[in-house]
Structures are given as C-alpha cells and as structure tokens.
Amino acid sequence: MNRKIIALLLCVCCILLCFLNACGEDESALVANTTSSGIILDDEMNDLFSDVSSTDLLLNTDTEPEYKLTEKEQVIANNAKEYMQQLDFSGTVLIGIGENVIYCDSYDYADKKLKLYNTNDTVYQIASLSKQFTGAAVLLLQEQGKLKVTDKLSKYIDGYKYGDKLTIENLLFMTSGMQDFADAYILDSLKAEKEYPIGYMYDLIKDYDLWSTPGTTYEYCNTNFYVLGMIIEKASGMSYEEYLKKYIFEPLNMRSTSLDTSTVNAKGYSWGNEFSCVYDKSIFYSAGAICSNAKDMFKWLNGFHSGRVISRESINYILSDKSKLGYSCGWVVSQEGVMRHSGNLGGYKTFAMIDYQNDIKVVVLSNNEQQSSAEIGLQLNEIAKSEI
C-alpha cells in the first residue's frame, strides 16, 4: 500500500515538473514585460497601494542593502510623513542624511486619466534644478584644464557684440545683464514640441542691449545657463547631454536621469488640468531640460556633497558666493552653508537643497504647478534638523 502511494506521488510530481517547464518561457516573458513597462492596476488595487507608505514598503530598485533607521531617524521619518499627510501634495519627497535616505514617499496621481499613482521611481521634469548640473559641468571642465571661469565669452561664442565684456563667471553668477529668452513674449512665439538647433534661443536675444553692466547686478536669467551649455559643448568637444552622462550621470549611477522627456511618467498639471504642452529639450536645454526622479536626485546631491562630482575647492568656490549677490553656479547659497534651488516648468514644481552643516539633503518633485515645493522642502529640512 505504501509503495502504491509513493509511486502515485512520484507520478504527480513528474506531471507538475513537465507543466512548469512548458510554462517557464512564458512566465519569464511576463516578468520581463512587467519590469520594463509596468502594469496598470485597476482602481481598487491602485487605492490599496496608494495608502501604503513607500517608507513602509522599503522598495529599492537599485538592490542596495536595506538601511535600518536609527531611533532619531525614525522620528524624523514619522514627523515628515505626518507633515506631508496634512498637505494636498502631488509628487515625491525625499530626506537624506549622510549617505542614507531617511524618508521617501509619493502622493497623488502621475496620470489622472489612467489613475496611475506617483511612486518613488516616478520621473519628473526637474526644470531649473538642471542649472546645478550645468554649473558643476563648467567647474569640472575648469578642473580638467579645458576652460577658466574668467575666460571671455568671445573665446567660445562668435559674433556677439558683448563677447569681450562678459565672462563665464558673469553667467554662473547671473550677473551678465543678458535678456532672458524665457520671457513670455519670446517663449510664447515658439512651438513647444518643435526641436530647435542648439544656439537658437541665444540667437533670439543676442542683438538686444544688456540690461546692466556685467558683474554689478543679479538678475535671474535662463539665457545665462543656456549659453553655458553652448560653452560646455565648445570646450569639451561633446554634446551637453553626452558630457553630463559621461562625467556625472553614469559615475553616480543615475540611471533614470537624462534629457529625454519620453522617460517622464508623471504628467504635469496646472489648476487641476493636464498642462497643455511638453517643451522639447532643445528649448530649455542646459537651463532646464533634465528629467529625473527623487532617488537619482539624492545620488546627485550626495555625490556632490561628498566631492565625487567636483573637487572640494570647486565646492568652496560655489559656497564662497564670489559675487556676494546670493547666486552661484546654479545654486542659491547662504552664509550658513545651505545650497538650494527651485524649478518651475510646464506643470512641474521642484526643489533641491544641501544643508552642509547638518549633512541633510532634501528633494521635492511635484507634477502640480500650484505646489509650493520650496516651502515644503525647507520645512522638511527643519523637521530633519530638529532631531539631529
């Protein structure tokens, strides 16, 4: 009797093994498709997952070792979560201390029509946070001996009547006096989704007179960092995007960061409606075309802070605020060693900061143009500081 039972069990096992082998290829294909494109959950499942904090799930697509929060860090995470739950926020926020992410969570919809929620991997347009990368690239080229920040524009830009009066530093400090191509009356004349040749936005304003004497007056101007992108290409012999990829994105393992707007999976909203257009990367270029997510932005801030992007000497140059006007190389800087910047572009509001004194990094990426991302980011920094 026992032998019969054993024989029967062996037979069943063999049948199951044959079935699994036959299905194995299809199962692998399903997993591959799920990983690359994601699965659209129905409303009920979306509602279920939206209530689960990503800090509770502790998901990490980079397969890095899971970090266990200290008691104080857990208090920070709990207080940050409580603060965010009081807001009507759409997007992703992150607090990092030292090398570790202390809090990262996402809220509301990435796509309202499809009812897809934002996640900690969601890619946004980061808008003017791009200027941080442009400023770092210029200083890195200086370290490589390919330019000097004291160089005149005429060395890199041909045919500009003020080329001998402006330096690269004037662009880095927003003290050039140039006209901003992003002023509404210029920007509105462009077709948002059209690809323009590099230099086109500069050509729109190059015949305008300067607003002020170079080096004397701070005036936020996207043209400054657009022209810096042109200089990066001239000095490096590479495209702006290729240079960032080789020297910043890849070394920091920023796999979700690029200038490719097709990677953005959070639609931008304004007053509850989907923003009417997505700007081609050639329009804002080195002044605001980068796309990224919160995890990659932490890698950037942490890598920058630790000197893995540019040297400590270059970081001190930024923090010294040589112009004494509060803006330096893509950052708003303070005497307390805080570097921060906001972004605003076509349905997206963003913010990133490094608090050098306390080794705190904060990222706020929102796909709602009405969010006060800077205010939220500063408050998250205060929450973190209170427990350090």
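Remember, it's a predicted structure, so these values are computed and weren't measured experimentally.
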Practice prompt. Please check if any side-chain donor atom of Ser130 sits under 3.5 Å from a side-chain acceptor atom of Tyr285, or the reverse.
Written response: no
Donor-acceptor pair between Trp300 and Gln132 side chains, under 3.5 angstrom
yes
Flag for Asn118-Thr92: side-chain donor and acceptor within less than 3.5 Å: no
| said: When you measure from the centre of the six-membered ring of Tyr109, is the NZ or CZ of Lys115 closer than 6.0 Å and no more than 45° off the axis? | reply: no
Between Tyr103 and Lys81 the two heavy atoms that sit nearest each other are OH-CA, 3.3 Å
By ring pair (Phe, Tyr, Trp, His ring centres under 6.0 Å), Trp331 pairs with (sequence neighbours left out) Phe304
Worksheet entry | Side-chain H-bond candidate by donor/acceptor type, Thr261 with Gln125, under 3.5 Å | no
**Request:** State, without any angle test, whether Thr167 and Asn170 hold a side-chain donor-acceptor pair at a distance under 3.5 Å.
**Result:** yes
Of all heavy-atom pairs linking Ile310 and Ala136, the shortest is CG2-O, 3.5 Å
*Take the angle between the ring planes of Tyr220 and Tyr327 and call it parallel below 30°, perpendicular above 60°, tilted in between.*
perpendicular
Given 3.5 Å as the limit, does a donor-acceptor pair link the side chain of Asn78 with the main chain of Gln74, or not? yes
Hits for side chain to side chain contact (heavy atoms under 4.5 Å, CB included) against Glu195, two or more places apart or cross-chain, chain-then-number order -> Asp280, Ser282
Smallest heavy-atom separation, Phe89 atom then Ser366 atom, equals CE1-CB, 3.8 Å
Query raised in the report: Does Glu382 pair with Lys385 as a salt bridge, N-O distance under 4.0 Å?
Result: yes
Evaluation steps, side chain to side chain donor-acceptor pair (under 3.5 Å), between Ser239 and Glu233:
CA-CA 5 Å; Ser239 75; Glu233 296 201 356; 5.0 Å; no
### Query
Between Lys295 and Asp121, does at least one N-O distance fall below 4.0 Å, as a salt bridge requires?
yes
With sequence neighbours left out, the residues meeting side chain to side chain contact (heavy atoms under 4.5 Å, CB included) with Ile388 are Ile97, Asn358, Ile360
Between Lys322 and Glu169, does at least one N-O distance fall below 4.0 Å, as a salt bridge requires? yes
Subject >> Under 3.5 Å side-chain donor-acceptor pair for Asp209 and Tyr162 >> reply: yes
Note: Leu345 and Ala127 closest approach over all heavy atoms is CB-CB, 3.6 Å
Side chains of Tyr67 and Glu73: do they bring a donor and an acceptor to under 3.5 Å? yes
Exercise. Flag the pair Glu241 and Lys281 as a salt bridge only when some basic side-chain nitrogen lies within less than 4.0 angstrom of an acidic carboxylate oxygen.
Key: yes
Sorted by chain and number, sequence neighbours left out, ring pair (Phe, Tyr, Trp, His ring centres under 6.0 Å) with Phe275 holds for none
Check your understanding: Any side-chain donor-acceptor pair under 3.5 Å between Asp321 and Ser328?
Key -> no
Tyr202 meets the ring pair (Phe, Tyr, Trp, His ring centres under 6.0 Å) criterion, sequence neighbours left out, with Tyr160
Report whether Leu365 and Ile95 are members of the same hydrophobic cluster (ILVMFWY, side-chain heavy atoms less than 4.5 Å apart, transitive linking). no
Without hydrogens or angle criteria, can the side chains of Lys267 and Asn367 be said to hold a donor-acceptor pair below 3.5 Å?
no
### Task
Starting from the C-alpha separation in whole Å, work towards a yes-or-no answer on side chain to side chain donor-acceptor pair (under 3.5 Å) for Thr122 and Asn293.
CA-CA 6 Å; Thr122 297; Asn293 63 15; over 6 Å; no
Is it true that Asp183 and Gln179 share a donor-acceptor pair across their side chains at a distance under 3.5 Å? yes
Lys72 meets the salt bridge (charged side-chain N to carboxylate O under 4.0 Å, His left out) criterion, sequence neighbours left out, with none
- Taking side chain as C-beta onward, heavy atoms only, is Val264 less than 4.5 Å from Tyr348? yes
Nearest heavy-atom approach of Lys146 to Tyr156 is O-OH, 3.9 Å
Exercise. Taking the six-membered ring for Trp and the single ring otherwise, decide whether the centroids of His341 and Phe351 are under 6.0 Å apart.
Key: no
Smallest heavy-atom separation, Asn222 atom then Ala182 atom, equals ND2-CB, 3.5 Å
Under a 4.5 Å cut-off applied to non-hydrogen side-chain atoms, are Arg340 and Val362 in contact?
no
- Side-chain donor-acceptor pair under 3.5 Å between Asp164 and Ser154, yes or no? yes
- Query: Do Glu336 and Ser334 have side-chain N/O donor and acceptor atoms under 3.5 Å apart?
  - Reply: yes
Give a yes-or-no answer on whether the side chains of Lys131 and Ser128 include a donor-acceptor pair shorter than 3.5 Å. yes
